[in-house]
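For reference, the structure discussed in these notes is given below.
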Amino acid sequence: MRTSQYLLSTVKETPADAEIISHKLMLRAGMVRRLGSGMFSYLPTGVRVLRKVEQIVREEMNKAGAIEVLLPMVQPAELWQESGRWDTMDAELLRFKDRHQRDYVLGPTHEEVITDLVRREITSYKQLPLNLYQIQTKFRDERRPRFGVMRAREFLMKDAYSFHLGQASLQQTYDAMYSAYCNIFNRLGLDYRPVQADSGAIGGSVSHEFHVLAESGEDAIAFSDTSDYAANIEMAEALAPTGDKPTPSQALREVATPSAGSVSDVAALLQVANTRIAKTLFVLAEADEQGKQQLVALVLRGDHELNELKAEKLAGVASPLQFATDEQIRALCHAGPGSVGPVGLNIKIIADRSAAHLADFIVGANKEGYHFNGVNWERDISDYQIADIRNIVAGDPSPCGFGHIVIKRGIEVGHIFQLGEKYSKALKAGVLNEEGKHQIMTMGCYGVGVSRIVAAAIEQNHDDNGIIWPDAIAPFQVALIPMNMHKSVRIAEVTEQLYQQLTAAGIDVLFDDRRERPGVMFADMELIGVPHSIVIGERNLDNQQVEYKNRRSGEKAMLDIASVVTDIQQKITR
RNA sequence: CGGUGAUUGGCGCAGCUUGGUAGCGCACUUGGUUUGGGUCCAAGGGGUCGCAGGUUCAAAUCCUGCAUCACCGACCA
């Protein structure tokens, strides 16, 4: 490609509304332009990268036995009503009507469509297992789109769905997808980790996320410092403290804590560590037969945070988790939040494992401006359950049994699930088994955020001058930068010749044939992140040489014109 | 959804407090100049000041409503 015939569209100024580095650089490098909130147009350079990522994903999926399909983005409401997600999926699902006033949705994911397709096409166990995938645009009406294409509403995703008769077959495909994903991210040249995850709104049981590690990541991941255990923080089990519970030694007493509401206030006032305080949160219980919802008290150590996902999975707790209002709390405790505690409450009380390990601790006294000190389980709070309801924190023992927890941030770029029968059962997708009996299929689903990978790759690979693409996904592998080509026939001829040779060798070359000053060309090629550049100048031409520069390492070398193609090929495949 | 802020040539912004008919930088066009790290000089084109209504002799500026966009928040009692 010649710059004079290309749409480079680089800009010097950083748009004001770009927050993170990948967003800024994608705008500056002329990869994307914002059309509306969470919606982006891809310019040629952006498309080139997107296609390269896509192609690697496609190749690895094919290699792993998946077959490509293409499903509609606009989907009839009936399918979503049939699966039940028309009602459960709320605002994120964009709905609209056609000219006949029929309801449709813009596909945020394709479980319904694929399950419908498969139930029509597949009738016998002999056709299983089957793994179908597509690379397609999704639309999710995010409550807050941000970070450019990282959390956009419209985005490009690879989604695969597998169908099986039985768990063993599902596990086999799941494992194959797991290694296919590792291959994908290895080929992309990214620093990533597979982590244990919750399966969330899509449903199912076993699940892994693939995260690209980056400071700007939206997810926190818990790692063991000695084993290869890694789990999403919302999922990582916080173990009970080891050793015996300290022996109670104090009597229960009331202490005045005027205007001390938060844990840190109380700790400061009473001159104790916040680990000696237990905080009490109130959430709604599951509705009883009359449809009434009582409250449930969740008790956590003062330095810990509630893990909502863990809490809402507990029996008796309403799911999704709903916090009690101030009024509800006052009606129950006769005190406002800040002075409330579990002592004397006649409702279900769930203590976190760490909170349950406390003795002689401090809680709100259910009396405005007062706390109890010297509180002890059993003696003062007899009826309670113990559960893991907190977020794991750095330094906790790892749930795998080896080492301690380190927390890092990651960008979720892949997610694999074992769905089970959630959708196949709802849509009655089954086959005849060996006994000639109808049997519901078991499903798995496997997603890769293609457009998000592009942003994640930039987060991990950039410097002050711009993007530094890994070779595998660079929009161009080589930049040809001639010095004063328009004044020197010799330069023009050599550059033209190199361009022909490199292109013929199947290398993506960007030939900067603009009438620009050298500084402009250097700056642009660095900004868009071309990994290898060749500078053609008069002084080296006398020796039949050109200058090579590596974008990432800064390495410079002189190359003989005669061997440029093979030299470059070696540097690329490296 | 709640809070805060923004909206002025293609992009980034000033002007608004104190109303008087719009300006700067980048980009673009033309001519010259320069040519191994975002040249310099000169001339030029381009704006219903987000939309609607109101106040006024007069509104980018004041008032009201709406729209769009962004940031922060949406467990930590």
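Below, read A as the first sequence line, B as the second, and so on, with proteins coming before strands; counting in each chain starts at 1. Heavy atoms only: backbone and side chains are in, while hydrogens, waters and symmetry mates are out.
- In the interface, the side chain of A:K12 is not paired with the base of B:C26 through any donor and acceptor atom under 3.5 Å apart.
- Contact annotation for A:D265: no contact, since no heavy-atom pair falls under 4.0 Å across all strands.
- If you check B:G65 for Watson-Crick or wobble pairing at under 3.5 angstrom, you find it paired to B:C51.
- When each of B:G38, B:C75, B:C71 is scored by its nearest atom to the side-chain atoms of A:V520, the top-ranked nucleotide is B:G38.
- Contact check on A:E526 versus A:R551 returns no salt bridge, with no Lys/Arg side-chain nitrogen under 4.0 Å from an Asp/Glu carboxylate oxygen.
- In this structure, A:V535 reaches the bases: a heavy-atom distance under 4.0 Å links it to at least one base atom across the strands shown.
- Within the shown strands, B:G25 is the pairing partner of B:C11 under the Watson-Crick or G-U definition, both distances less than 3.5 Å.
- Taking the C1' atom of each, B:A59 and B:U48 are spaced 14 Å apart, rounded to whole Å.
- Remark: A:R390 does not engage A:E305 in a salt bridge, criterion side-chain N to carboxylate O under 4.0 Å.
- Of the two residues contacting RNA chain B, namely A:G38 and A:F323, the nearest-nucleotide position lying further toward the 5' end is that of A:G38.
- Scanning atom types as modelled, one donor and one acceptor separated by under 3.5 angstrom connect the side chain of A:E13 and the base of B:G25.
- With hydrogens and angles ignored, a donor-acceptor pair under 3.5 angstrom links the side chain of A:E526 to the base of B:G37.
- Nearest to the side chain of A:I329, among B:A77, B:C75, B:C26, sits B:A77.
- A donor-acceptor contact under 3.5 Å is formed by the side chain of A:E305 with the base of B:C75.
- The pair A:E154-A:K138 does not count as a salt bridge, with every side-chain nitrogen at least 4.0 angstrom from each carboxylate oxygen.
- Side chain of A:K549, nearest nucleotide from B:C72, B:G37, B:G38: B:G37.
- Across the strands present, B:C40 finds its partner in B:G32; the criterion is a Watson-Crick or G-U wobble pair with both atom distances under 3.5 angstrom.
- A:E237 has a carboxylate O that lies under 4.0 Å from a charged side-chain N of A:R353, or vice versa, which qualifies the two as a salt bridge.
- The separation of B:U17 from B:U64, taken at their P atoms, amounts to 15 Å, rounded to a whole angstrom.
- Sequence order on RNA chain B of the closest nucleotides to A:L306 and A:R34 puts A:R34 first from the 5' end.
- When the C1' atom is compared between B:C63 and B:U55, the two are found 7 Å apart, to the nearest whole Å.
- Contact annotation for A:R143: base contact, defined as any heavy-atom pair under 4.0 Å involving a base atom.
- Using a cutoff of 4.0 Å between basic side-chain nitrogens and carboxylate oxygens, A:K487 and A:E538 are not scored as salt-bridged.
- Nucleic acid contact for A:D524: base, since at least one base atom lies under 4.0 Å from a heavy atom of the residue.
- Dashed line: the shortest gap from a side-chain N or O of A:S37 to OP1 or OP2 of B:U68 is not under 4.0 Å.
- Within the 4.0 angstrom heavy-atom criterion, no nucleotide atom of any strand lies near A:D303.
- If you check every strand for non-hydrogen atoms under 4.0 Å, A:R144 touches a base.
- A:R330 has a carboxylate O that lies under 4.0 Å from a charged side-chain N of A:E368, or vice versa, which qualifies the two as a salt bridge.
- Using a 4.0 Å heavy-atom distance criterion, A:E516 is classed as making no nucleic acid contact.
- With a cut-off of 3.5 Å on both pairing distances, the Watson-Crick or G-U wobble partner of B:A70 is B:U4.
- Straight-line distance between the C1' atoms of B:G5 and B:G25: roughly 24 Å, to the nearest whole Å.
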